[in-house]
S.K.: 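Once you've had a glance at the structure underneath, I'll fire off some questions.
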Number of protein chains: 2
Amino acid sequence: MGLAKTEMFTGQQNEIALFAKVFGHPARVSILQHLFKINSCVCGDLVNEIGLAQPTISQHLKELKHLGLIKGSVEGTSVCYCINAENWTKMKETMLNFLNQDIPQTKDCC
Amino acid sequence: MGLAKTEMFTGQQNEIALFAKVFGHPARVSILQHLFKINSCVCGDLVNEIGLAQPTISQHLKELKHLGLIKGSVEGTSVCYCINAENWTKMKETMLNFLNQDIPQTKDCC
DNA sequence: TTTATATATTGCAATATTACGATTAATATT
DNA sequence: AATATTAATCGTAATATTGCAATATATAAA
């Protein structure tokens, strides 16, 4: 039904999935990489940088903001976005914990 | 249109998004965690472990297999799945590279 | 106050994802 | 061979995502 049954999973599993989902689109990956690259914050430059329409970029920014990974502040008519360092670090810990699971040593499993 | 315009992004960005996407559902997170926990491989136990129907689990396994993160081998009537250690490590490098980007030090960006 | 500029929101069409019942396929057991 | 067991596939319904044109909003400039 296109609907994840979140109630049958742990909070941690759902959290990992939520973070992963937001990275699951190249436009959002691109936006984040750009915000990391440009030390100072960017705004509608992203629309030019990435080749998508303004409403589309705005929507992707909204999702990133909603998860707390970026923050934006109004600067005149434009809005300045940047990485939310604190939340990024927290998210990173969660994801690293998942990615760094120990791989069983049994040469070949089955 | 519900269709990611992959051609406007770098191969690396698309790769990150593809990996992230597969982690973007708690059932697949759960499957992977279970495969990491149970040293020996599991098969239809996942159907019992996780509360989803057999075809649903089978579908999630297919996606994980398609990305190369797990491998399965037939054992009689059942199929034994396990982490593909080599590919997991490769994926991890790609994702770590993305997650570990240096956060600009400028106290507060905007 | 009018006009320009930048971003957000709305509405909608196209496509993707999730879930599962029904069925199929493949091997084991009797 | 007939039956049981296990997993994959098919078909389909419900929902989510993506992208953009049109529009709204908010501030700046004239």
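A, B, ... follow the sequence lines: proteins, then strands. Residue 1 opens every chain. We use all heavy atoms of the structure for the numbers below, so side chains are in, but hydrogens, waters and symmetry mates are not.
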S.K.: Using a cutoff of under 3.5 Å, can you pull out all pairs of nitrogen or oxygen atoms linking the protein to nucleotides 13-16 of chain D, with atom names and distances?
M.R.:
unit_1  : atom_1 : unit_2  : atom_2 : d
dA14(D) : N3     : Met1(A) : O      : 2.7
dA14(D) : N3     : Gly2(A) : N      : 3.3
dT15(D) : O4'    : Met1(A) : O      : 2.6

S.K.: Can you find a heavy atom in the side chain of Tyr81(A) that is under 4.5 Å from one in the side chain of Ile31(A)?
M.R.: no

S.K.: Assuming nearest nucleotide by heavy-atom distance, tell me which of Ser58(A) and Lys5(A) is located more 5' along DNA chain C.
M.R.: Ser58(A)

S.K.: What residues, two or more places apart in sequence or in another chain, satisfy salt bridge (Lys or Arg N to Asp or Glu O under 4.0 Å) together with Glu93(A)?
M.R.: none

S.K.: State which residues pass side chain to side chain donor-acceptor pair (under 3.5 Å) with Thr10(B); sequence neighbours excluded, sorted by chain then number.
M.R.: Gln13(B)

S.K.: Residues of residues 49-56 of chain A with any non-hydrogen atom less than 4.0 angstrom from an atom of DNA chain D: list those, numerically ordered, please.
M.R.: Leu52(A), Ala53(A), Pro55(A), Thr56(A)

S.K.: Out of dT18(D), dT7(C), dG19(D), which has the shortest distance to the side chain of His60(A)?
M.R.: dG19(D)

S.K.: Nearest whole Å is fine: how far is dG19(D) C1' from Ile57(A) CD1?
M.R.: 10 Å

S.K.: Distance check needed: dT18(C) P versus Asn14(A) CG, whole Å only.
M.R.: 13 Å

S.K.: Can you sort out the partners of Lys5(A) under side chain to side chain contact (heavy atoms under 4.5 Å, CB included), two or more places apart, ordered by chain and number?
M.R.: Glu7(A), Met8(A), Leu52(B)

S.K.: Considering residues at least two apart in sequence or located in another chain, which fulfil the side chain to side chain donor-acceptor pair (under 3.5 Å) criterion with Asp102(B)?
M.R.: none

S.K.: Taking C-beta and beyond as the side chain, do Asn87(B) and Leu67(B) meet within less than 4.5 Å on heavy atoms?
M.R.: no

S.K.: Using side-chain heavy atoms (C-beta onward) and a distance below 4.5 Å, is Asn97(B) in contact with Gln12(B)?
M.R.: yes

S.K.: Atom CD of Gln59(B) to atom P of dG11(D): distance rounded to whole Å?
M.R.: 14 Å

S.K.: Rounding to an integer number of Å, can you tell me how far Asn48(B) CG sits from dT6(D) C1'?
M.R.: 12 Å

S.K.: Any heavy-atom pair between the side chains of Leu64(B) and Leu35(B) that's under 4.5 Å?
M.R.: no

S.K.: What integer distance in Å separates Glu63(B):CD from dT18(C):P?
M.R.: 6 Å

S.K.: What's the angle between the local helix axes at either end of the helix from dT1(C)-dA30(D) to dT30(C)-dA1(D), using five pairs per end and rounding to 10 degrees?
M.R.: 10°

S.K.: Taking protein heavy atoms under 4.0 Å as touching, what does nucleotides 25-30 of chain D look like 5' to 3' if B marks base contact, S marks sugar-phosphate-only contact and - marks none?
M.R.: --BS--

S.K.: Can you name the side chain to side chain donor-acceptor pair (under 3.5 Å) partners of Glu86(A), sequence neighbours left out?
M.R.: none

S.K.: Give me the atom names and distance for the closest heavy-atom approach of Ala85(B) to Ile103(A).
M.R.: CB-CG2, 3.5 Å

S.K.: Looking at Tyr81(A), does any N or O in its side chain come under 4.0 Å of the phosphate oxygens OP1/OP2 on dA6(C)?
M.R.: no

S.K.: Is the phosphate of dT7(C) approached by Lys62(A) (side-chain N or O, under 4.0 Å from OP1 or OP2)?
M.R.: no

S.K.: Name all pairs fulfilling the side-chain hydrogen bond (donor to acceptor under 3.5 Å, both in side chains) condition that reach into residues 41-59 of chain B, sequence neighbours left out, sorted by first residue then second.
M.R.: none

S.K.: Can you pull out every side-chain hydrogen bond (donor to acceptor under 3.5 Å, both in side chains) where at least one residue sits in residues 14-23 of chain A? Sequence neighbours excluded, please.
M.R.: none

S.K.: What residue pairs, at least two apart or across chains, pass ring pair (Phe, Tyr, Trp, His ring centres under 6.0 Å) with a residue in residues 2-21 of chain B?
M.R.: none

